[in-house]
Each structure stands twice: as structure tokens, then as C-alpha cells.
Student: 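Quick one: this structure, given as C-alpha cells, is what I'll be asking you about.
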Amino acid sequence: MNNGFLVGIFVLGLAVIKPSAAVQTSSLKVCGDGSGWPPYTFKKDGEIQGYDVDVLRAIFSGKNIDVIAELPPWKRCVFKTQSGHYDIALSASYSKQRDRDFLLTDYYYTLQPSYIYSTEKYPDGLNIASADDLNQLRMCGLLGYHYEGFGVNDSQVTKTATSYNQLVKKTKAGRCDVFLARYEILAGFKISKGIDYLADDMSAVAIPNNDVEKFYMMISREHPESEKIKFLLDSHFAEMRKTGKLQALLKDYTEKD
């Protein structure tokens, strides 16, 4: 059997298994975190805005597919996407459970995992050389969030707070030694809403020796075209990353005057 014939079979096989990029649906219902995830999703002047929405509309606007965005509480967003009420949940960190429950797209941005502490309680800072050192402390996080990408033991993170404001208060009160957050999101609140969660003796430090955290979109497995949607998003993410389009869309929010 000659090499040309083998190559022909391989190419034909790819054509068979590759999903068609033509998505037939006329709209996609997506959800993000209702407590705010700026500059990726947030509400301003009654309108849902952000990088995530811009990326989706850049992909789907030329395909006559409307993107309908809502911002329920994050836990509800995840649950209702799994059940098929929403088609896509936005800005999701990775976990093994999510990889089983949803079709995860390729990543489309990264964030820096950080820990935040009170300089009033720890004026000399904390001696943190790695994520494992954080496991020895009382860590707090937001309800419904996953912190596997922080390198910590996610099961040791107390997740009863429903807002960053609550996390700040709990940390100042000494109920948490640190709370976990992505620095860019805290900065996004300051830029988009003028809320500075790092004011009043709060300090953020990047977790040493820890990689940046990748973020994905979670596609409901209940959607009849889930595989096609994933293929379409993944291919566009790759192209937009290559051309600099993803970075340009994000700069519209992070480099405002």
C-alpha cells in the first residue's frame, strides 16, 4: 500500500470525524457570574457587558446567531447550564467534575491566582513559598467556585461567601487568614465599577511557583449541537489568539483611560 493512499485515507477520516462548523441554531443563551466577573462579564447601566460577550458576538454576529446573556448567581448558572436551560456558562476554571459534566472549550484567557490577606493582622506579610503553605492556613473563597488552579487543596477552602465584600469582611474579622481570588478580577472591579477590594489594608500576592490559570466556556451536553458549537468556538479562539484579536478585545477594558 503506497504512502499517497494512506494519506488519502487519513484525510478522509478527518473529514468524517470533524464536526461541521455550520451551527443551525438562531440563538445561544449564555450565563455568567451574577456577582460580577469584570472585565469579562459585568452589568453596567442595565446592560451586560464584557470581554466574554464581545468575543461571542465577534464569532456569531456574522453567522446570524444571537447571543443572549444573563447573570444569575454562579452556582445557578452552572446548574442550569448542565440541565440545558443555558447553552453555555462563561469564564469557567477547570475541574475534573466540570470536564465530565460539560463540553469544555479550549481556553480563551488566563488569570493570575493570588491570595489576599490583611496587613493589619499580618504587618510583616505571610511566609508563603508555594501553594502548599496556604493549605496550612484558613482559606476562604466564593460559593460555587473551584480553586484547583490555585494549586491548593480545594476541599480545604471555606466557600460560604457570596461576594468579595463578604470575603474582605471575613478576612478583616480574622475568620479567614487569606481569601483566594484572581488578581485581574479584583482590578476589573476597580476599573469597571470603582470598587477597590484591596483598599483599607488588604494586600494581594501572586501565589509563588504557580502557573497562570486557564479559563474556558462550558457547553451544555444537553444542546443537540454541542459538538458543533465546541468545534466552532475552539477554531475561532485559535484564530483570534493567533491574529491578536483576543488580546485586542481585552485591552478595550484593561487599558481604558
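The basis for the numbers below is simple: all heavy atoms, side chains too, and nothing from hydrogens, waters or symmetry mates. If you read the sequence from its start, that first residue is 1, and numbering goes on from there.
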Student: List the steps, then state whether side-chain contact (heavy atoms from CB on, under 4.5 Å) holds for D133 with N127.
Tutor: CA-CA 8 Å; D133 292 328; N127 186 21; 5.9 Å; no
Student: Determine, stepwise, if the pair D177 / Y122 fulfils side chain to side chain donor-acceptor pair (under 3.5 Å).
Tutor: CA-CA 9 Å; D177 294 316; Y122 296 105; 2.9 Å; yes
Student: What is the minimum heavy-atom distance between A161 and Q166, and which atoms define it?
Tutor: CA-OE1, 3.3 Å
Student: Taking atom NZ as the centre, does K169 end up with more than 12 heavy-atom neighbours from other residues, nucleotides or ligands that are less than 6.0 angstrom away?
Tutor: no
Student: Distance from F189 atom CZ to D196 atom CG, nearest 0.5 Å?
Tutor: 12.0 Å
Student: Any chance CZ of R138 has more than 12 other-residue heavy atoms, nucleotides or ligands included, within less than 6.0 Å?
Tutor: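 Yes - once you tally the heavy atoms of other residues, nucleotides and ligands closer than 6.0 Å, there are more than 12.
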Student: Could you please spell out the steps behind the side-chain contact (heavy atoms from CB on, under 4.5 Å) verdict for M217 and L56?
Tutor: CA-CA 10 Å; M217 293 187 186; L56 287 176; 3.7 Å; yes
Student: So how far is it from R100 CZ to R221 CZ, rounded to the nearest 0.5 Å?
Tutor: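 It comes to 10.5 Å.
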Student: Counting only heavy atoms from other residues, nucleotides and ligands, does the tally under 6.0 Å from NZ of K159 exceed 12?
Tutor: yes
Student: Is I48 reachable from I195 through a run of hydrophobic residues whose side-chain heavy atoms are each under 4.5 Å from the next?
Tutor: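 No: no chain of side-chain contacts under 4.5 Å links I195 to I48.
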Student: Evaluate side-chain contact (heavy atoms from CB on, under 4.5 Å) for I116 paired with L186, printing each intermediate quantity in order.
Tutor: CA-CA 10 Å; I116 293 84; L186 300 179; 3.9 Å; yes
Student: With a sphere of 6.0 Å drawn around CG of N165, does it hold more than 12 non-hydrogen atoms of other residues, nucleotides or ligands?
Tutor: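 For N165, atom CG is crowded (more than 12 foreign heavy atoms under 6.0 Å).
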Student: Are I229 and M240 joined in one hydrophobic group, where the rule is that I, L, V, M, F, W and Y side chains link up if heavy atoms are under 4.5 Å apart?
Tutor: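 Linked within one cluster.
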Student: For the hydrophobic clusters of this structure (ILVMFWY residues joined by side-chain heavy atoms under 4.5 Å, transitively), does one cluster hold both L167 and L143?
Tutor: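 No: no chain of side-chain contacts under 4.5 Å links L167 to L143.
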Student: Kindly indicate whether the side chain of Y86, heavy atoms from C-beta on, has any atom under 4.5 Å from the side chain of V30.
Tutor: no
Student: For Y107, does the six-membered ring have the charged nitrogen or CZ of R241 within the cation-pi criterion, i.e. under 6.0 angstrom from the centroid and within 45° of the normal?
Tutor: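 Positive - R241 is close enough to the ring of Y107 and near enough to its axis.
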Student: Within this structure, what is the CD-CG distance for the pair E227 and L232, rounded to the nearest 0.5 Å?
Tutor: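 One gets 13.0 Å once the value is rounded to the nearest 0.5 Å.
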Student: For a 4.5 angstrom cut-off between non-hydrogen side-chain atoms, does Y253 reach I191?
Tutor: no
Student: Measure across L250 and P39 and return the closest heavy-atom pair with its distance rounded to 0.1 Å.
Tutor: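 The pair with the smallest heavy-atom distance is CD1-CG, 4.1 Å.
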Student: Answer whether the closest heavy-atom distance between the side chains of S83 and H85 falls below 4.5 Å.
Tutor: yes
Student: Tell me, yes or no, whether the heavy-atom count around N135 atom CG, taken from other residues, nucleotides or ligands under 6.0 Å, exceeds 12.
Tutor: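 Above 12, so yes.
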Student: Name the one of Y164, F215, Y109 that satisfies ring-ring contact (aromatic ring centres under 6.0 Å, His included) with W37?
Tutor: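 Running ring-ring contact (aromatic ring centres under 6.0 Å, His included) over Y164, F215, Y109 with W37 returns exactly one hit, F215.
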Student: Sub-3.5 Å donor-acceptor pair from the side chain of D45 to the main-chain atoms of E47, do we have one?
Tutor: no
Student: Say whether, by atom type as modelled, one donor and one acceptor occur between the side chain of R98 and the main chain of S93 under 3.5 angstrom.
Tutor: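 Checked: pair present.
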Student: Contact between Y147 and R182 at the side-chain level, heavy atoms closer than 4.5 Å - yes or no?
Tutor: yes
Student: Which distance, rounded to the nearest 0.5 Å, do you find between the CD1 of I59 and the CG of D54?
Tutor: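 With rounding to 0.5 Å, CD1 (I59) is 11.0 Å from CG (D54).
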Student: Would you mind reporting whether C31 and T81 have side-chain heavy atoms less than 4.5 Å apart?
Tutor: yes
Student: Does atom NZ (K245) have a neighbourhood of more than 12 heavy atoms from anything else shown, all under 6.0 Å?
Tutor: no
Student: Report, as yes or no, whether the 6.0 Å neighbourhood of atom CZ on F79 holds more than 12 heavy atoms from other residues, nucleotides or ligands.
Tutor: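 Open: at most 12 neighbouring heavy atoms sit under 6.0 Å from CZ of F79.
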Student: Hey, are the side chains of L126 and Y115 touching, using non-hydrogen atoms and a 4.5 Å cut-off?
Tutor: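 In contact.
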Student: Please report the shortest heavy-atom distance between Y216 and T105, naming the atom on each side.
Tutor: CD2-O, 3.0 Å
Student: Should we count NZ of K121 as having more than 12 external heavy atoms under 6.0 Å?
Tutor: yes
Student: Kindly say whether L104 contributes a backbone atom to a donor-acceptor pair with the side chain of K230 at under 3.5 angstrom?
Tutor: yes
Student: From L233 CG over to F60 CZ, what is the distance, rounded to the nearest 0.5 angstrom?
Tutor: 4.5 Å
Student: Indicate if V152 and V212 have the same hydrophobic cluster label, given that clusters are the connected sets of ILVMFWY residues with side-chain heavy-atom separations under 4.5 angstrom.
Tutor: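 V152 and V212: separate clusters.
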Student: Of the non-hydrogen atoms in S220 and G84, which two are nearest, and what is the gap between them?
Tutor: OG-CA, 3.6 Å
Student: What do the steps show when you test F179 against V168 for side-chain contact (heavy atoms from CB on, under 4.5 Å), and what is the final call?
Tutor: CA-CA 8 Å; F179 75 84; V168 169; 4.0 Å; yes
Student: Contact between I207 and I128 at the side-chain level, heavy atoms closer than 4.5 Å - yes or no?
Tutor: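 They are not in contact (no side-chain heavy atoms under 4.5 Å apart), so the answer is no.
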Student: Any side-chain heavy atom of K172 within less than 4.5 Å of one from E120?
Tutor: no
Student: Hey, is the main chain of Q112 close enough, under 3.5 Å, to the side chain of E184 for a donor-acceptor pair?
Tutor: yes
Student: S130 vs D132, test: side chain to side chain donor-acceptor pair (under 3.5 Å). Steps then yes/no.
Tutor: CA-CA 5 Å; S130 68; D132 189 55; 5.3 Å; no
Student: Do V205 and L137 sit in one hydrophobic cluster, given that two such residues count as connected whenever their side-chain heavy atoms are within less than 4.5 Å of each other, even indirectly?
Tutor: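 In one cluster with V205: L137, yes.
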Student: Ignoring hydrogens and angles, tell me if any N or O in the side chain of T119 forms a donor-acceptor pair with the backbone of D201 under 3.5 Å.
Tutor: yes
Student: As a quick check of understanding, evaluate side chain to side chain donor-acceptor pair (under 3.5 Å) for K170 and T158, giving each step before the final call.
Tutor: CA-CA 11 Å; K170 290 178 69 173; T158 300; over 6 Å; no
Student: So which atom in G141 and which in V157 form the shortest heavy-atom distance, rounded to 0.1 Å?
Tutor: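 Reported closest heavy-atom pair: N-CG1, 3.5 Å.
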Student: So which atom in A22 and which in E225 form the shortest heavy-atom distance, rounded to 0.1 Å?
Tutor: O-OE2, 4.1 Å
Student: Within this structure, what is the OG1-CG distance for the pair T41 and L71, rounded to the nearest 0.5 Å?
Tutor: 5.5 Å
Student: Using 30° and 60° as the class limits, which term best fits the ring planes of Y108 and Y51: parallel, tilted or perpendicular?
Tutor: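 Parallel.
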